[in-house]
Amino acid sequence: MPYDIYVTKASLPPMEEYIEEVRSVWDTHWLTNMGEKHEQLQNMLKDYLDVDNIELLVNGHMALEMTLQAMNLQGEVITTPFTFASTTHAIVRNNLEPVFCDIDEQTYTMDVSKIESLITERTCAILPVHVYGNICNTEEIDRIAHKYGLKVVYDAAHAFGETYKGKSVGLYGDASCFSFHATKVYNTIEGGAVCYRREELGQKLYELKNFGIHGPEDVNAVGANAKMNEFCAAMGICNLRHVDEEITKRKTLYEHYMERLKDTAGLQLNEIQSHVRSNYAYFPVVFDETIFGVSRNEVYDYLAEAGIYTRKYFYPLTNTFACFENKYNVDDTPVARKVANRVLTLPLYSDLDVRDVDRICNLLLQCRFDKK
Ligand SMILES: Cc1ncc(COP(=O)(O)O)c(C=O)c1O
C-alpha cells in the first residue's frame, strides 16, 4: 500500500462476532429480499436513530434517488454543489433540475438566506446536505418549505446518529437519507436508509426498491433493485453494537486535532455546533494560503509524500463536473467555490492512534517551513 495512513478506515466487528451473526443465514438459505437480518436491523436502527419510520436500502445513493422518485416530483430542486456526486446525480437521474444554492462559510451547509431568491414556480423541493455532520438550519428550511409548499429531503449521509436540540436528525423534513458506506461512521459494507415522515412514502420505497412489485402479479411502478442483502444487514447489526464506542474514540481524536491546530493562524477548523450531539465524522481544515503561507494543494502533496492520504472533500464542486459541462455557472456559488478550493479533510477513524494525529499535525505545521 502506498500510504501509511488513509483518510478513513472501515470499521469491522470482531470476525467471530460476524460469523456468529451470519450462521442463521446458512440455516435458512435466505440471502436477500427482506429476510430476518434485514428486518432485525431495520428495527434496531429505528430504535437507535429514534425515528418513527425507516426503510433500508442498498446504499445511500439509492436512498436519495428512490426518495425523489417516490415523491413523484417535477421541475427544479434547490440543492448545494458542495457535496458528493450522489446528491446532484440523484436529482438529475430523476429528470429533475438542480438549482444550486451557495453555502454558509462556517458550517458549509446551504446558506438559507439565499434559498428564497432561487424559488420559481417550477421549484418542487429542497435537498440540503448535513455536510461533515454539521446540521443544516432546519428551522429556516422548514419555514421556507412550508411557506412555498415544497418537499424537503435531507442528505444525511454524514449525520448518522446525530441529534439537534435533542431531536434525531432523521426526523427533519419529509425524509432524511443516510449512507452506511464502508467509509462512513457506521457501515453495513454498502447500505443506506431513508427515515421518513409519512407512511405512504415508506410503502412506495418498499416497492420501488424491489422493482416496483406490489404483489405477485402486480407491478405498479418502474422501480429498481435497491434492496439490502442479509450479509450487509448482518454487518450492520454487529457494527451497531460498537458504534457508540467508536464515536467516543473519534471524539478524543477530534479534540486532539483541535487542541493541536486551534492556535494556528490561517486554518479554519470545524467547531461542533451548539445543541448538536455530533458523530465526529470528519476533520475538515480550510486553509487560507495568504495567512498560513501554504496552499491546500501544497499541504495535500506534502502529506502524501509522507505517506498520509488526506482528501479534497468536497472538490470539485458538483456544478463544475465534466458531465454537466456548460450547464451551471459556478459564479453563482462563490462561497462554495472558495471552500472547495481550500478544504482538506484529515484522517479520522476510531482506531487511528493519537500519536498519528500528532504526526499529521506536526507535518502539517512543518510544511510551512519546508516550502520551496
Ligand atoms: C453527502 C453524500 N451523499 C450521498 C452519498 C452516497 O452514499 P453511498 O455511497 O452509500 O451511495 C455519500 C457517500 O458516499 C455522501 O457523502
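Just follow the structure's listing: the first ligand is 1, and inside any ligand the first atom is 1. Every heavy atom of this structure was used, including side-chain atoms; hydrogens, water molecules and symmetry mates were not. For the single chain, residues carry numbers from 1 onward in sequence order.
- Polar contact with ligand 1: present for His61 (N/O pair, distance under 3.5 Å).
- Residue-ligand proximity: Lys184 is placed with a non-hydrogen atom under 4.0 Å from ligand 1.
- Interface of Ser86 with ligand 1, defined as ligand atoms under 4.0 Å from a residue heavy atom, comprises 4 (C), 5 (C), 6 (C).
- Ligand 1 has no nitrogen or oxygen under 3.5 angstrom from a nitrogen or oxygen of His181.
- Proximity of His158 to ligand 1, defined as any heavy-atom pair under 4.0 Å, is confined to the side chain (atoms from C-beta onward).
- The ligand atoms of ligand 1 that sit less than 4.0 angstrom from a heavy atom of Thr83 are 1 (C).
- Using modelled atom types and a 3.5 Å distance limit, the side chains of Asn270 and Asn134 yield a donor-acceptor pair.
- Scanning all protein heavy atoms for the shortest distance to atom 12 (C) of ligand 1 gives Phe84 CD2, 3.6 Å.
- Applying the side-chain contact (heavy atoms from CB on, under 4.5 Å) test between Ile126 and each of Asp142, Thr79, Leu150, Thr80 identifies Leu150 as the sole match.
- In this structure, the protein non-hydrogen atom closest to atom 1 (C) of ligand 1 is Asp155 OD2, 3.5 Å.
- Between Glu255 and Lys262 there is no salt bridge, since no side-chain nitrogen of the basic residue lies less than 4.0 Å from a carboxylate oxygen of the acidic one.
- Using modelled atom types and a 3.5 Å distance limit, the side chains of Lys9 and Thr183 yield no donor-acceptor pair.
- Side-chain N/O atoms of Lys227 and Asn229 include no donor and acceptor closer than 3.5 Å.
- A salt bridge links Arg260 with Asp358: at least one charged nitrogen is closer than 4.0 Å to a carboxylate oxygen.
- For His158 and Phe314, the gap between ring centers is short of 6.0 Å.
- At least one N or O atom of Tyr313 sits closer than 3.5 Å to an N or O atom of ligand 1.
- Which parts of ligand 1 touch Gly191 is read off a 4.0 Å heavy-atom cut-off, strictly below it: atoms 10 (O).
- Every atom of ligand 1 with a heavy atom of Gly60 under 4.0 Å away is listed here by number and element: 7 (O), 8 (P), 10 (O), 11 (O).
- Neither the backbone nor the side chain of Tyr282 comes within 4.0 Å of ligand 1, counting heavy atoms alone.
- With respect to the salt-bridge test (charged N to carboxylate O, under 4.0 angstrom), the residues Glu97 and Arg122 qualify.
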Verify side chain to side chain contact (heavy atoms under 4.5 Å, CB included) between Asn319 and Phe324, making sure each step is shown before the conclusion.
CA-CA 7 Å; Asn319 57 1; Phe324 300 133; over 6 Å; no
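- Aromatic ring centres of Tyr132 and Tyr108: separated by under 6.0 Å.
- Contact atoms of ligand 1 toward Asn59: 10 (O), 11 (O) (distance under 4.0 Å to a heavy atom of the residue).
- Contact analysis leaves Ala90 out of contact with ligand 1, as no non-hydrogen atom separation drops below 4.0 angstrom.
- Distances from atom 15 (C) of ligand 1 to the heavy atoms of Ala159, Ala85, Ala157 put Ala157 nearest.
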